[in-house]
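Below is one structure, written out as structure tokens; comments come after it.
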Amino acid sequence: MFDGVDPPMTAAQEPAPAAAIVAELVTRFDARLRRYLGRFLVSADLEDALQDIYLRLTRLAAGIPPPEFNATYVFKTADSVARDLRRRRLGRGGDRHVELPEDLADEGPSPFDELRWQQNADLLRRAIASLPREQRLVLMMHRVEGLTLVEIAARTRTPLRTTQRLMADALARCRSRLKDCGWFEL
């Protein structure tokens, strides 16, 4: 009489664990699969294909009841995996793949960055050129020649406080002019 519960299995009826089934398949078919796949896959794809085949077979072996894994079953799975792998590689342009050096980004600025730097330099030149003579002189001595404000005050024979004010005004005017002209922040 059936009461909704499966009767317990005997040791002879229990399915083999999936890992044991796949381990047995690996020992039986690995060398043959490698030769078979090596005919139409590149060596870099061969290991990926084998891993995918064994993964699929492991999932199938975990089913109850597991299928009977004969050579036809295993090689049809291999065909399916190889076809899927080739489609993915060709669809992504894998056959035209070129390795890029890791230091490629360090080789220099991109054309876009070069253009942006050029535009910013032009805007900065115009902003500096629009400054009054005294402000432009203090700014150039400080930023280009690298002089301190004390050295600039001594060289131009102006009080330090005046030199500081000229520098602050020059920076404020340049900042305002650059903002109005569309300065591209980096």
Side-chain angles (χ1 to χ4, degrees), residues 18-19 22 26 33-34 37-59 62 77-186:
V22 173
V26 169
L33 282 171
R34 286 179 185 277
L37 294 171
R39 287 188 261 166
F40 48 90
L41 290 178
V42 295
S43 60
D45 290 341
L46 182 68
E47 292 300 322
D48 289 342
L50 283 170
Q51 183 177 5
D52 200 8
I53 291 166
Y54 294 133
L55 178 66
R56 288 185 188 189
L57 294 175
T58 302
R59 287 181 184 154
T77 303
D79 281 339
S80 175
V81 167
R83 249 186 259 113
D84 290 348
L85 186 63
R86 273 190 69 72
R87 270 192 220 119
R88 278 196 311 265
R89 295 281 192 238
L90 292 175
R92 294 181 186 152
D95 58 333
R96 298 182 308 270
H97 181 73
V98 175
E99 290 292 329
L100 296 176
E102 290 190 25
D103 62 342
L104 180 65
D106 299 334
E107 290 181 14
S110 69
F112 176 75
D113 289 336
E114 286 181 17
L115 178 63
R116 194 165 60 181
W117 276 100
Q118 185 62 44
Q119 289 173 343
N120 284 344
D122 291 342
L123 291 173
L124 185 58
R125 276 189 212 98
R126 281 188 251 143
I128 292 171
S130 71
L131 293 173
R133 182 183 179 284
E134 297 86 16
Q135 289 178 3
R136 186 172 57 246
L137 181 66
V138 169
L139 180 68
M140 297 303 287
M141 289 171 85
H142 184 63
R143 297 297 171 130
V144 176
E145 295 179 29
L147 299 176
T148 65
L149 294 178
V150 174
E151 293 170 334
I152 295 170
R155 188 181 279 185
T156 59
R157 295 190 177 106
T158 57
L160 177 60
R161 191 75 181 124
T162 303
T163 305
Q164 291 171 336
R165 183 185 45 80
L166 287 170
M167 182 66 175
D169 290 347
L171 291 173
R173 280 186 147 181
C174 283
R175 195 172 292 123
S176 173
R177 172 110 178 173
L178 292 173
K179 189 175 180 183
D180 293 342
C181 292
W183 176 265
F184 299 102
E185 303 244 353
L186 298 174

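- Scanning both residues, A49 and V81, for their nearest heavy atoms gives O-CG1, 3.6 Å.
- In this structure, the side chains of R173 and S130 stay at 4.5 Å or more apart for every pair of heavy atoms.
- Within a 6.0 Å sphere centred on CD of Q51, other residues, nucleotides and ligands contribute 12 heavy atoms or fewer.
- Looking at every heavy atom in both residues, C174 comes nearest to L131 through SG-CD1, 3.7 Å.
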Query raised in the report: How far apart are the C-alpha atoms of V138 and M141, what are their side-chain angles, what is the distance that settles it, and do they pass the side-chain contact (heavy atoms from CB on, under 4.5 Å) test?
Result: CA-CA 5 Å; V138 169; M141 289 171 85; 5.8 Å; no

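- Distance check: D52 CG to D45 CG gives 11.5 Å after rounding to the nearest 0.5 Å.
- Nearest heavy-atom pair across L37 and A78 is CD2-O, 4.1 Å.
- A salt bridge does not link D180 with R177: none of the charged nitrogens is closer than 4.0 Å to a carboxylate oxygen.
- Listed by first and then second residue, the salt bridge (charged side-chain N to carboxylate O under 4.0 Å, His left out) pairs that reach into residues 132-149 are E145-R155, sequence neighbours excluded.
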Report task. I would like to know whether L124 and I128 meet side-chain contact (heavy atoms from CB on, under 4.5 Å); could you show each step before the answer? Result -> CA-CA 6 Å; L124 185 58; I128 292 171; 4.0 Å; yes

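- The minimum heavy-atom distance between G38 and L46, with the atom names listed, is N-CD1, 3.9 Å.
- Considering OG1 of T77 and CG of L55, their distance stands at 11.5 Å, rounded to 0.5 Å.
- For the side-chain contact (heavy atoms from CB on, under 4.5 Å) test with H142, the passing option among L166, L149, L147 is L149; the others fail.
- Taking CD1 from I152 and CD from Q164, the interatomic distance works out to 10.5 Å, rounded to the nearest 0.5 Å.
- Residue L50 holds its CG atom at 5.0 Å from CZ of R34, rounded to the nearest 0.5 Å.
- Of all non-hydrogen atoms in A127 and L178, the two that sit nearest each other are CB-CD2, 4.0 Å.
- Residues forming a side chain to side chain donor-acceptor pair (under 3.5 Å) with T158 (at least two apart in sequence, or on another chain): T156, T163.
- The distance from the OG atom of S176 to the CG atom of L171 is 12.5 Å, given to the nearest 0.5 Å.
- D84 contributes atom CG, which lies 11.0 Å from atom CG of D79 (distance to the nearest 0.5 angstrom).
- Partners of R125 according to the side chain to side chain contact (heavy atoms under 4.5 Å, CB included) rule, which considers only residues two or more places apart in sequence or in another chain, are Q118, A121, D122.
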